[in-house]
Structure formats: structure tokens, C-alpha cells
Amino acid sequence: MSRRLHPAVAGAQPFQLAERDPDAPLFDSEESRERLEAILSRYPNKRAALLPLLGYAQEIHGWISTGDMEEIAEVLELTPAYVWSVASFYTMYNKHPAGRHMIQVCTNISCHLNGAPRVLEEFLEQTGTVEGETTQDGRFTVLEAECLGACGFATAVQINDEYHENVTPEKVAEILASLDGPQGV
Amino acid sequence: MAYPYRDDRETTTILSRHMGEPEARSLNGWLERGGYEALRKAVAMEPDEITDVVKESGLRGRGGAGFPTGMKWSFMPSEPSGPHYLCANADESEPGAFKDREIMRWTPHLLIEGCIIAARAIRAQHVYIYVRGEFFPVIRILNQAVVEAYEAGYLGESVCESGWGCDLTVHIGAGAYIAGEETGLMSSLMGGRAEPWMKPPFPAQRGVFGAPTTVNNVETLASVPGIVMNGSAWYRGWGSEKSPGTKMWCCSGNLTKPGNYELELGLPLREIIDEVCGGPPEGRKVKAVLPGGSSTAFLTADELDCVTTYEGLQEAGSALGTASPIVLDETAEIVPAMRRIAQFYAHESCGQCVQCREGTAWITKILRRIEEGDGEPRDLETLYDLCDQLTGRTICVLADSVVFPLRSSLDKFRHEYEALMRRSPTVAT
């Protein structure tokens, strides 16, 4: 699935996807080098490409390993410790492998007022997990999220790169059933 | 007009006119709706002329602080000695606010057009749109629009064949509320932790990559094409002298019709809640409102006759903020709600300033203790003390942001805190 991205958006691709290949190399294909060059061309220095590359690693692998961080550090001429210090600041970068479907339930104030705690409980119960844990089959990780910026459509739930809005506990089973398509993705 | 509900009241439609119309997302659809005409006009204007029109319009920053936009632009050097940058702040994360997401979701070209015009005004050659990472569906829409704008020559080496060049890059965050603070945003854009820095130097002197920078909110930038096209007097046809124009109102919480509504500034808050949003569901009564998002002070049901201008809400003891009223009805409890708000600020504190890092965490712990029935009367005094210690002592205003709702909840709903204390067996001291 080769696709050439416009440099203006090359560093801004959704990076929480069900489809991933944890063993794929980050920077050894022509496509990936093109992507790297496109990203670097948009900033006056290499360090500024750090967030885009962390996102890129997660887009490919589903999470960011210390090995990925070392590779990124080398490409950007940064220390691995610095890359870790930045990656660990941001909650969306997975520092551990996560389920194919990352389910994030907003429980912030507007969702809280509209029953979000019950929606979260329902997701946890139906996946048989505790918050932050991944199911043994690797399908689901359920997390409590801070405000997802969809307060008028409470309860808001983000699953990978999609939003589900006005979610009630009654809708949880249907949402979970819709996630694994015929290809098992 | 609004999304997802259509408001039949007479109002204006500068920002929201095409919300709900998927065709408006494409370049062709946008051009059919008059898109990029304001940009054509702007490229024929001198930078200072654009700034003057925006200054005269009285447009104020829509990200929460309400600083006059034209004045902010005028702080940028008029004779550049190096690159200038514009950062569009699309890191919308204030609990209660969901307007920038809607603007980008339905009318991405409106934002792009506003960005290019603003870049011309401040003599910037490069625009970064910093979008919060969670907004993946919106990022796809925005990315598509940016590529279209490049292909059609609205971005690139010669904008509208004017010979003036402007680039735009979409940059996405990764889950940090503090990246919405302008210096935090720039720290993050430079490949760092989103830690705010002390001002001065102000961004217009020394901002991202050490260069003069302006950071504007999405809604602010989306307001610019209309102003440039129609003039400042047109914009001043709405709102008050100090708060001209229209504003997206993100209404959420216990409401019959939550959603985004574009309204003239200056309506009574009660009218927005009861008439525009249909009040709380099932005929319940309003208990409290956070009028400008979670970082503004609570108003009680008796305080809703204030007018919704920057100055009106300030006089009422709260703030317009991001114009994101969160409504709590009579079934909602103040202490758990306040605990949930505090928990957010504790989670999002960047950790640089001790008062904020420790203070927000302790506030959350104390509120949780009270919520669970283990509170002691002296906890309230401790919370007041923390309010004092968290105000005005930190690099950015995140710490202050939790104090506004907390202090007002203690002042106005003390009885709800005390009622929970009485459940505690350790209360007899």
C-alpha cells in the first residue's frame, strides 16, 4: 500500500490503527525514507520532527519500543534519553503494546454528567478487563480518557482513529461487535 | 444556525453557515460557497492594511483569553530580519469546548483561508496548524483540504499568483492539554515536552524556533476571512463595543439540546441555556453553570441573567473563556463534579511548577476523600488555602484554572461539601 504523502501532511497521519506490523523496520524502505525526508523538509531543524516520527513509529508498529526510540534518536541526532523524556510526556504514545482496538472512554465533566462512568464500566465488563489492561487475545485495551473535545455529544468514546458519540451503556455490545471485521482486523 | 441542531432564532452565520454540509469540505464545494474570495482580496492588500481591518473589527482571541487579535498581530516586527511563523492553535482540550473540532470537521478550508490571510498580515512564510492528536477523523479532513489548497495554488510559492509565498504544515500533538497554552504549544512544536515558558520574551519577539511568532486559535482565524471580505463595520454589527461579533457557543452537560451554536455576543446566559439549548432534560432545574468551560467560576441558577460578553461574564464573577457553558442540573452533585474537574488538571499539569504539580494532586485527593465521606471540616480551609497558593504563582495559568471553579464551588455550594462531611464518623473533633 504505497502512498506518497504531500509533505504538508506527511507528519500528521493518524497513528492509532488496528492494522499494524510490530516487526516492520522503520526506515529501511524507499517509501519510509521519502516520508522521513518529507517530514524533515517542513521544519528548520531536525528536533522538531520528533513528534511526527514518534507518531510514525506508532502508526507502523502500534506502539513505540525503546528500540524505535533509539532509531528515531539516531535519525534526528538526539540522545535516546531525550527521546524517551519527550515520548513519556505524551499520553497518546503507547510505551507498551496495546490492543488492536484501543477504546478510550471520556469521563470528563460533560460526559461524567451524562453517565460516562457507567459506559466505562460496561466496556470493562464486556471485555473482561480492568482499566489499562489488554485482553489476552490482544483485541482490546480499555482506558479512561480525559476530555476528547466532543462534550456536546456525551458520552464520547474514541476507538483507535474513530470517534463514537452519544454512547450509552446499551450501545456498548453493538460497538464491540462492530470492531472485528470479517478479516479479523 | 448550529450543529447538530438548527436554531430558528434570528442569528448570524459567519462561522457555522456551512456546518452539516459535507460538500463544503471539498475545495470545489468551498469555492461554490464563496471560498477563497477573501484571500484574493487580502493578497492585494498590504500586511498592515489587513491588520488594521482586523484591529478595527474588535475581534478578540477565541481561545479563552480574549486578547484583541489585531493588536496581537501588530506586535510582530514590520521589517522582518528572519522568518516569521503563525501557529494555529487547534489543540482544543478545554473540557466543555468542542468548537474548533466542528469548524475543522465541516469547513477546513475556512480555517486554511484564515491562516493564509493572517500569515500575510504578520509577514509569516510558514503556518503550522497544531491539532490535538485525538482528533484523527478531523485530521484526515484537514489534511485533504490542505493538499487541495496546495494543488489549487492557494498555498505554495505564489499564493493566488501574487508572487507572495506561504507554506502550511499540519502538526499533530499526542495528548497533552498544556500544549494548548501558547508557549507550551511552541515547546511541543519544537520537538519537546509541552512545557510553557515564562513571558517575556513574548512570542512576537521570540517564539517558535526563536523567531517572531503569533499563536491564534482556530475560531479566531476562521473569523478573519469574513472580516476581510465584509469590513470591520459589518463585524461590529453584532455584539457589544468591547465584544463585537459572533461566537461559537459549545453547550454541554445536562441539556436537552447540547451542541454548537453560533450566537451574537451579548445574549443573556439564561436565554442560551433555556431557549437555545432547551434547558435541562425532563423539565429539571439548573443548579449551576460553568459558563466558559471547566476553568471558569461556577454561576448559580440565580446568576444567569448576566450578558454573555467578555465584560459581562467578568462582571458576573466568572469569565467567557471558550464560551463553553457546562450545565449541571438539580440531579448533579457539585463535589463529584468538582473532583472530576480537579482530577483533569492534576493529570494535565506539566509538572514544572511545584505549586501546580503538588497542588492539583492534593486538591484532587482531598475532594475524593470528601466525596467518599471521609472528609473533615478543616479540609475546606485547606482547600481555600490551596486556592491562594495556586493563584498567580506559576509559569502558566493551569493552576489558576482549577482555582476558579474550586473557589466558587466552595463559596457558593459550601452546603454540599458540608452535607458530605456529616456522613463521616470522624467528624466529631
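Naming: A, B, ... by sequence-line order, numbering from 1 per chain.
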Measure [X] against the heavy atoms of chain A and call it side chain, backbone, both or neither at under 4.5 Å.
X	answer
Thr331(B)	neither
Val327(B)	backbone
Leu168(B)	backbone
Ala97(B)	backbone
Ala194(B)	both
Cys251(B)	backbone

Under 4.5 Å from any heavy atom of chain B, what part of [X] do you find: side chain, backbone, both or neither?
X	result
Phe15(A)	both
Gln58(A)	neither
Thr107(A)	both
Gln158(A)	side chain
Ala150(A)	both

Most chain B-contacting option - heavy-atom pairs closer than 4.5 Å, from [options]:
options	answer
Asp161(A), Val86(A), Leu113(A), Thr91(A)	Asp161(A)
Gly11(A), Cys111(A), Pro7(A), Pro44(A)	Pro44(A)
Arg47(A), Met92(A), His6(A)	Met92(A)
Pro14(A), Ala10(A), Ala49(A)	Pro14(A)
Ser85(A), Gly55(A), Ala12(A)	Ala12(A)
Ile109(A), Asn114(A), Ile39(A), Leu50(A)	Ile109(A)

Would you say that Met338(B) contacts Leu406(B) through its side chain, given a criterion of any heavy-atom pair below 4.5 Å between the two side chains?
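Counting from C-beta outward, Met338(B) and Leu406(B) do come under 4.5 Å.
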
Given side chains that start at C-beta, do those of Phe209(B) and Met190(B) come closer than 4.5 Å, heavy atoms only?
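Counting from C-beta outward, Phe209(B) and Met190(B) do come under 4.5 Å.
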
For a salt bridge (charged side-chain N to carboxylate O under 4.0 Å, His left out) check, start with the C-alpha distance between Arg132(B) and Glu92(B), then their side-chain angles and the critical distance, and finish with the verdict.
CA-CA 7 Å; Arg132(B) 71 175 288 187; Glu92(B) 180 170 63; over 6 Å; no

Between [X] and [Y] (side chain of the first, backbone of the second, donor and acceptor by atom type, cut-off under 3.5 Å), is there such a pair?
X	Y	value
Ser188(B)	Gly184(B)	no
Glu262(B)	Met248(B)	no
Lys171(A)	Asn166(A)	yes
Ser324(B)	Thr322(B)	yes
Lys99(B)	Asn260(B)	no

Contacts table for residues 341-351 of chain B: side-chain donor-acceptor under 3.5 angstrom, sequence neighbours left out:
residue   : atom : partner   : partner atom : Å
Gln343(B) : OE1  : Arg339(B) : NH1          : 2.5
Gln343(B) : OE1  : Arg368(B) : NH2          : 3.4
Tyr345(B) : OH   : Ser294(B) : OG           : 2.8
Tyr345(B) : OH   : Ser295(B) : N            : 3.4
Glu348(B) : OE1  : Tyr177(B) : N            : 3.0
Ser349(B) : OG   : Gly351(B) : N            : 3.4

Contacts of residues 140-148 of chain A with chain B (heavy atom under 4.5 Å):
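So far as heavy atoms go, Glu144(A), Ala145(A), Glu146(A), Cys147(A), Leu148(A) are the residues that approach chain B to under 4.5 Å.
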
Passing candidate, side chain to side chain contact (heavy atoms under 4.5 Å, CB included) with Val131(B), options Val170(B), Asn89(B), Asp100(B)
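Output: one option passes, namely Val170(B).
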
Take His61(A) and Asp21(A) through the side chain to side chain donor-acceptor pair (under 3.5 Å) test and state the conclusion after the steps.
CA-CA 5 Å; His61(A) 291 162; Asp21(A) 179 359; over 6 Å; no

With a cut-off of under 6.0 Å to the ring centre and 45° to the axis, is Arg101(B) in cation-pi contact with Phe98(B)?
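Cation-pi check for Arg101(B) and Phe98(B): fails.
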
Greatest number of heavy atom pairs closer than 4.5 Å to chain A - which of Ala332(B), Gly133(B), Ser93(B)
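With the most close heavy-atom pairs to chain A, the winner is Gly133(B).
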
Determine the option with the most heavy-atom pairs under 4.5 angstrom with chain A, choosing from Asn254(B), Leu255(B), Leu142(B).
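Most heavy-atom pairs within the cutoff with chain A belong to Asn254(B).
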
Strictly under 6.0 Å, is that where the ring centroids of His171(B) and Tyr43(A) end up?
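Judged by ring-centre distance (under 6.0 Å), His171(B) and Tyr43(A) do meet the cut-off.
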
Relative to each other, are the rings of Tyr93(A) and Tyr90(A) parallel, tilted or perpendicular (30° and 60° limits)?
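Answer is perpendicular, since the angle exceeds 60°.
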
Side chain to side chain donor-acceptor pair (under 3.5 Å) evaluation trace for Thr213(B) with His84(B):
CA-CA 6 Å; Thr213(B) 303; His84(B) 285 188; over 6 Å; no

